[in-house]
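Predicted, not measured: the structure shown is a model, and the values here were computed from it. Here is how names work: the chains are called A, B, and so on, in the same order as the sequence lines, proteins then strands, and each is numbered from 1.
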2 protein chains.
Amino acid sequence: MTQPGLRERKKAATRAALSRAAWTMLLADGLESVTPESVSAAADMAPRTFRYHFRNREEAILDELAQQHLALADRIRERPPAEPIWDSLLAVLPPEVVRICGDRAVFATLLRVIGDDPAMLAQNLTVLEHSRISLARVIAERAGGQHPGTYPNLLAGVAVTAISTAVTHWALDTTGTDLAAVLHDCLQKIREGLS
Amino acid sequence: MTQPGLRERKKAATRAALSRAAWTMLLADGLESVTPESVSAAADMAPRTFRYHFRNREEAILDELAQQHLALADRIRERPPAEPIWDSLLAVLPPEVVRICGDRAVFATLLRVIGDDPAMLAQNLTVLEHSRISLARVIAERAGGQHPGTYPNLLAGVAVTAISTAVTHWALDTTGTDLAAVLHDCLQKIREGLS
DNA sequence: CCGTTTGTTGCCAAATTTGCAAGATTGCCG
DNA sequence: CGGCAATCTTGCAAATTTGGCAACAAACGG
């Protein structure tokens with residue numbers, strides 16, 4: 001719980017301000033309206049600052065989402081070390097993913113944008129991949145070197161697949177299904193075998 | 001087996017020529033040397049033609065790989081319609097992935113480049129995602145509407161995860177493991193449950 | 001209080017991307 | 001065969017994006 005220092009907090013604050021401005025503009029006026037110039041103007045900063053923090057608009061839009069994905073691994077680490085990894089995943093992922101995704105209609109809009117724009121898709125996949133890597137690390141830690149082979153990468157990969165699949169299904173389904181239940185079901189299916 | 005027509009074949013030929021030139025230059029001189037100008041020069045074409053076919057160098061480098069990934073779904077379709085989908089996956093994916101990946105040292109070089117360059121990583125993830133989508137479609141076809149929910153996406157996702165995990169393990173492992181065996185093992189583990 | 005590190009910003013040159021149109025090649029139909 | 005339509009290839013040039021550099025400001029560590 002050590003404070004990261006004022007400097008880092010300020011940097012994170014500007015990043016968050018830019019990312020939120022980008023996110024807000026995306027929902028309000030569509031992807032075309034999101035540019036380094038417009039976003040930095042909305043956040044009351046210089047365009048050069050935008051490019052100091054982000055490579056492009058897609059990275060800015062998904063930056064907060066990316067950080068929350070990376071925090072999933074930390075939530076797993078907070079679980080009892082002796083707990084089986086599958087129990088940790090089933091306990092952490094459903095509620096956390098529900099919290100991250102927020103409102104269904106808003107998230108559906110995001111997914112539609114991602115589906116329509118190749119650059120947005122690529123950035124979203126990058127976010128998921130980094131999430132996968134961080135999850136693989138914590139799984140390997142938990143296993144304690146018991147599985148030096150493909151197990152951590154395999155398990156982290158299928159977990160991310162479950163998240164992505166469940167979220168997509170939930171967002172595009174109009175019958176109002178419960179995201180936590182869908183994700184829990186996906187994870188459980190994989191755990192017990194998909195035959 | 002209908003001929004695509006001379007026009008499409010010529011277009012595909014130029015694409016392949018550009019992609020192979022990009023691939024060759026990557027292995028010979030590294031990613032920095034691969035530019036639209038250098039690649040089109042090596043393929044004896046105009047730089048503008050490169051941009052007509054590809055958005056950037058990363059797309060060109062991985063284009064052939066992407067097409068072979070998309071062909072995986074067709075190989076699945078050629079299996080007996082009554083065959084359980086898991087048997088089809090176990091029969092098709094290991095040998096086909098071995099064929100696609102080719103030489104281990106060469107593929108290890110590619111993976112290292114992908115790991116070092118964010119744009120290459122994003123393009124590789126895009127390739128895998130399109131592969132996942134095409135696999136999900138054929139799985140849904142085979143299921144014949146029996147599983148209207150998350151099953152096709154989930155199964156296609158874990159299959160791609162298995163491929164990616166197995167290939168990475170094989171490429172970075174110096175003990176000379178058999179790729180087909182590793183992939184078969186990954187798929188089998190998922191099929192029977194990862195508990 | 002001072003030296004060092006680092007985030008913010010403006011400026012501007014270099015590199016990249018894109019729209020447009022002309023020429024060449026192919027597909028199609030009478 | 002003849003010719004119209006579609007589209008691949010290419011050059012050119014404008015528009016946009018990217019990236020380096022340096023100055024200023026703020027925070028860190030004595």
Specify the separation, in whole Å, of atom [atom1] of [X] and atom [atom2] of [N].
| X | N | atom1 | atom2 | result |
| --- | --- | --- | --- | --- |
| A:Arg7 | C:dG7 | CZ | P | 6 Å |
| A:Asn56 | D:dT16 | CG | P | 18 Å |
| A:Leu6 | D:dG29 | CG | P | 11 Å |
| A:Lys11 | D:dC28 | NZ | P | 13 Å |
| B:Arg9 | D:dT7 | CZ | P | 18 Å |
| B:Arg51 | C:dT16 | CZ | C1' | 6 Å |
| A:Met45 | D:dA26 | CE | P | 14 Å |
| A:Arg48 | D:dA25 | CZ | C1' | 17 Å |

[X] side-chain N/O to [N] phosphate OP1/OP2 under 4.0 Å:
| X | N | answer |
| --- | --- | --- |
| B:His53 | D:dT9 | yes |
| B:Lys10 | C:dT25 | no |
| B:Thr14 | D:dT9 | yes |
| A:Tyr52 | C:dT8 | no |

Handout entry: Full working for salt bridge (charged side-chain N to carboxylate O under 4.0 Å, His left out) between A:Glu141 and A:Arg77
Key = CA-CA 9 Å; A:Glu141 291 170 7; A:Arg77 278 198 191 82; 2.9 Å; yes
Handout entry: Residue pairs passing the side chain to side chain donor-acceptor pair (under 3.5 Å) test where at least one lies in residues 152-164 of chain B, sequence neighbours excluded
Key = A:Thr161-B:Thr161, B:Arg132-B:Asn153
Problem - Side-chain donor or acceptor of B:Arg79 paired with backbone N/O of B:Ala91 under 3.5 Å - result: no
Exercise for the section: Please answer whether the main-chain N or O of B:Arg191 pairs with a side-chain N or O of A:Ser195 as donor and acceptor at a distance below 3.5 Å. Expected result: yes
Practice task
Please determine if A:Arg112 and A:Asp117 form a salt bridge, counting it only when a charged side-chain N lies under 4.0 Å from a carboxylate O.
Solution key: no
Exercise for the section: Salt-bridge test for B:Glu8 and B:Lys11: reply yes if a basic N is under 4.0 Å from a carboxylate O, no otherwise. Expected result: no
Handout entry: Test item: side-chain donor near acceptor, B:Glu64 and B:Ser19, under 3.5 Å
Key = no
Handout entry: Closest-nucleotide ordering on DNA chain C, the 5'-leading residue of B:Glu8 and B:Glu37
Key = B:Glu37
Exercise for the section: Pick base, sugar-phosphate or nothing for B:Arg55, based on heavy-atom distances below 4.0 Å to the nucleic acid. Expected result: sugar-phosphate
At a cut-off of 3.5 Å, list every protein nitrogen or oxygen paired with a nitrogen or oxygen from nucleotides 28-30 of chain C, distance to 0.1 Å.
none

Exercise for the section: Might you confirm whether atom CZ of A:Arg20 has over 12 heavy atoms from other residues, nucleotides or ligands at distances under 6.0 Å? Expected result: no
Practice task
Report yes or no: do B:Val106 and B:Ile163 belong to one cluster of Ile/Leu/Val/Met/Phe/Trp/Tyr joined by side chain heavy-atom distances under 4.5 Å?
Solution key: yes
Handout entry: Axis deviation across the helix from C:dC1-D:dG30 to C:dG30-D:dC1, five-pair ends, to the nearest 10°
Key = 40°
